[in-house]
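To keep things clear, I will list the structure first and then write my remarks on it.
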Amino acid sequence: MNKIEHIGIAVSDLEASVSLFEKLLNTPCYKKERVDTEGVETAFFRTGESKIELVADTRKAGTMGKFIAKRGEGIHHIAFEVDDIESEIRRLKQQGFQFVKDEPVSGADGKMVCFLHPKSTNGVLIELVADKKKG
Ligand code: ZN
């Protein structure tokens, strides 16, 4: 894995958290994006080599709402950049890691993404991200 691509933070009020993180990081949010397949809205910030992704639900009782009800707002996942997501998924499956979904899906920020199940990673939700293949 190449680097920590971003850290995902679960928030209940995206707009309020965007202004908070703009002040905190002293940089504007460069992208907001709804990911309708996941029922979430995201906001991205650049911090050097890595990014911060704020994630909030777009529907009631969604994934983030459940997470926040259980654990409060806070760090939701860590995303690692990989070159070839398919081969990385194969490698990790051979090592016995479990995935939330077996195939990569189209995620936010123009990436292909796939989540490892936190059961197999010490309770940390890990996301693999790769650039979409061109063509
Ligand atoms: Zn993410």
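Positions are given from 1 along the sequence. Only this structure's heavy atoms are used, side chains among them; waters, hydrogens and symmetry mates stay out. Counting convention: from 1, in listed order, for ligands and their atoms alike.
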Q: Less than 2.8 Å from the Zn ion (ligand 1) is the window; count the protein N, O or S atoms in it.
A: 4
Q) Can you name the residues that form a side chain to side chain contact (heavy atoms under 4.5 Å, CB included) with R59, not counting sequence neighbours? A) none
Q: Name all residues meeting the side chain to side chain contact (heavy atoms under 4.5 Å, CB included) criterion together with K32; count only those two or more places apart in sequence or in a different chain, and write none if there are none.
A: E15, V18, C29, A43
Q | Listed once per pair and sorted, the ring pair (Phe, Tyr, Trp, His ring centres under 6.0 Å) pairs that draw on residues 68-113, sequence neighbours left out | A | H6-H77, F67-H76, H77-F115
Q | Sub-4.5 Å side-chain heavy-atom contact between R34 and V40 | A | no
Q: In sequence, state the C-alpha distance, the side-chain angles, and the governing distance for D102 and K93, and then conclude on side chain to side chain contact (heavy atoms under 4.5 Å, CB included).
A: CA-CA 10 Å; D102 281 322; K93 280 185 183 167; 3.2 Å; yes
**Q.** Distance, nearest 0.5 Å, that separates CG of L128 from CZ of R91
**A.** 9.0 Å
